[in-house]
Structure formats: structure tokens, C-alpha cells
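Just so we're clear, the structure is a prediction, and the values are computed from it rather than from any experiment. Hydrogens, waters and symmetry mates are skipped; everything else that's a heavy atom, side chains included, is used.
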Amino acid sequence: LERAVEHLGKALALNPGSSESWWRRADARNNWGQSRMASGLDPSAHFAAAATDYGKALELNPGAVEALKGRGAVRAAWAAWEEGRGGAALALYDGANADLSSALALAPRHAEARLARARLLAQRGRWAEAAAEYAAALQLDPGSARELAAEAAQARFLADAPGIGDALLRFRRAAGFAAAGRPAEA
């Protein structure tokens with residue numbers, strides 16, 4: 001991933017007006033951040049750089065659906081990281097929702113953007129909306145049914161059992177505060 005970011009940086013030095021090159025480098029930075037997060041390492045610098053690159057792509061092409069989807073997804077992942085550490089995440093969640101909603105307004109049949117929004121809504125505990133987005137994503141991309149079945153079923157279940165969904169969110173937040181060394185706030 002480091003090498004991909006480096007090569008895309010060289011391409012951008014040659015053609016800084018390429019929106020696609022900006023969002024492709026942002027994708028690589030996002031993936032690098034995701035990899036760090038999965039390893040328990042702080043992904044914030046990579047997520048911030050990805051969000052900046054997506055922003056540059058959108059300055060050059062405001063209708064770049066892939067950049068909107070990517071920035072929404074990176075903001076959602078970054079918000080989950082921050083929230084998991086007891087940090088401020090609301091602005092990141094709001095930005096993610098705005099980006100993904102804009103992407104879907106431009107391309108309502110974009111399955112990946114629909115899935116990213118479903119996951120974002122689930123992170124926020126908006127289970128009924130998440131279940132509807134999962135259903136739409138699965139309808140657009142039936143080939144991903146096996147991969148997404150558990151996530152979609154969880155959202156449908158929690159939409160019908162709001163007390164359990166609320167408890168799950170409280171538990172996640174408390175675990176984040178505890179992990180961040182802030183047990184009094186848990």
C-alpha cells in the first residue's frame with residue numbers, strides 16, 4: 001500500500017488535474033488505514049490523508065461518485081475508530097452520511113455506496129434504515145448475498161428489537177471508553 005501511494009503521488013505530480021488519480025490514491029490510503037485499524041494500530045493519519053485526497057478529487061470533479069463513496073466510507077471508518085477510543089466522532093459520522101447520500105443521489109444504483117451507507121447507519125444504531133439499505137444493496141448486487149447475509153439479518157433483527165440495539169450501542173461506547181483508559185466515562 002505504501003508503494004501504491006508513492007506511485008500515485010508520482011502520477012499526480014505529472015498530472016495534478018486528474019480527479020481519478022486523486023481518488024485512487026485516496027483509496028490506497030484508506031486501505032492502508034483499514035489495515036492499520038484491523039491490526040489495532042492508529043489509522044487516523046492515513047484516514048485524514050485519504051479524506052484530503054478525496055476532497056481534492058471532488059474539487060476537480062464534484063460529481064465523482066467514487067470519490068464521494070470513498071470519502072463517506074473513510075469518514076465512517078475513522079468515526080468508528082474515534083468512537084471506539086472515546087473520541088469525538090459525530091462530525092465524521094455526519095460527513096460520512098452527507099457524502100454517501102450525495103453519491104446515492106447521483107447514482108442510486110451504486111451497490112457499494114448503498115452498502116457503505118447501510119454499514120454507516122448500523123454503526124449509528126439506525127437499524128430500520130440500515131436494514132432497508134442492506135436490502136437495496138443486495139438487490140443491486142445479489143452476488144454479495146452470502147457475504148452480507150449476517151450483517152443484513154442483524155440489522156433486521158435489531159430494527160425489530162430496539163432495546164437490544166440500544167444496549168449494543170451503549171456497550172460498544174462503554175468498551176471504547178474503557179479501552180481508551182477512561183473507565184469513569186464508560
Side-chain angles (χ1 to χ4, degrees), residues 1 4-5 7-9 11-38 43-84 87-145 147-148 151-152 155:
L1 292 171
V5 169
H7 287 299
L8 287 163
L12 284 166
L14 296 172
N15 184 9
S18 170
S19 176
E20 182 177 348
S21 293
W22 284 104
W23 64 255
R24 289 197 182 277
R25 184 171 78 172
D27 281 348
R29 288 179 158 169
N30 181 14
N31 290 336
W32 196 354
Q34 296 282 350
S35 175
R36 288 183 59 84
M37 190 166 72
S44 299
H46 299 288
F47 286 160
T52 298
D53 282 358
Y54 285 127
K56 183 64 177 175
L58 290 165
E59 285 175 23
L60 294 167
N61 180 3
V65 173
E66 290 300 323
L68 284 165
K69 185 258 314 171
R71 188 171 68 179
V74 78
R75 285 176 166 174
W78 193 3
W81 172 264
E82 288 297 325
E83 188 173 53
L90 188 57
L92 288 167
Y93 278 127
D94 289 345
N97 191 45
D99 285 339
L100 294 169
S101 295
S102 294
L104 290 169
L106 292 168
R109 299 189 53 77
H110 196 292
E112 289 179 24
R114 213 48 66 217
L115 174 59
R117 188 156 190 276
R119 288 178 171 154
L120 169 69
L121 292 167
Q123 282 176 261
R124 299 300 303 143
R126 294 166 56 184
W127 305 113
E129 292 170 86
E133 289 289 359
Y134 276 116
L138 288 167
Q139 193 170 32
L140 293 170
D141 184 11
S144 64
E147 174 190 346
L148 301 178
E151 290 179 51

Flag the pair [X] / [Y] as yes when at least one side-chain heavy-atom distance between them is below 4.5 Å, and no otherwise.
X    : Y    : answer
Y134 : R119 : yes
Y54  : N30  : yes
W78  : P43  : no

Practice prompt. State which residues pass side chain to side chain contact (heavy atoms under 4.5 Å, CB included) with S35; sequence neighbours excluded, sorted by chain then number.
Written response: L1
Worksheet item: Is R124 salt-bridged to E83, cutoff N-O under 4.0 Å?
Response: yes
About how many Å separate [atom2] of [Y] and [atom1] of [X], when rounded to the nearest 0.5 Å?
X    : Y    : atom1 : atom2 : answer
D27  : W22  : CG    : CH2   : 14.0 Å
E20  : R24  : CD    : CZ    : 4.0 Å
D141 : E112 : CG    : CD    : 8.5 Å
L8   : D53  : CG    : CG    : 9.0 Å
K69  : L106 : NZ    : CG    : 14.0 Å
R126 : E133 : CZ    : CD    : 10.0 Å

Heavy-atom pair of closest approach, residues [X] and [Y]:
X    : Y    : result
L92  : A79  : CB-CB, 3.6 Å
A130 : A122 : CB-N, 3.7 Å
L12  : S21  : CD2-CB, 3.5 Å
A4   : A28  : CB-CB, 4.3 Å
L120 : A76  : CD1-CB, 3.9 Å
L100 : A73  : CD2-N, 4.3 Å

Worksheet item: If only atom types and distance count, is the side chain of S101 paired as donor or acceptor with the main-chain N or O of A98 below 3.5 Å?
Response: no
Discussion item. The criterion is salt bridge (Lys or Arg N to Asp or Glu O under 4.0 Å); which residues satisfy it with D99, sequence neighbours excluded?
Written reply: R71, R75
Response to the item:
Residues passing the salt bridge (Lys or Arg N to Asp or Glu O under 4.0 Å) test with E82, sequence neighbours excluded, are none
Holding to side-chain hydrogen bond (donor to acceptor under 3.5 Å, both in side chains), I want the full list of residues that pass it with [X], two or more places apart in sequence or in another chain.
X   : result
S19 : none
W81 : D42
R36 : none

Item to complete: Determine whether the side chains of E66 and H110 contain a donor N or O and an acceptor N or O closer than 3.5 Å.
Response: yes
Worksheet item: Can you list the steps and then say if K56 with W23 is a side chain to side chain contact (heavy atoms under 4.5 Å, CB included)?
Response: CA-CA 8 Å; K56 183 64 177 175; W23 64 255; over 6 Å; no
Item to complete: Please test M37 against Q34 for side chain to side chain contact (heavy atoms under 4.5 Å, CB included), starting from the C-alpha separation and ending with a verdict.
Response: CA-CA 5 Å; M37 190 166 72; Q34 296 282 350; 3.6 Å; yes
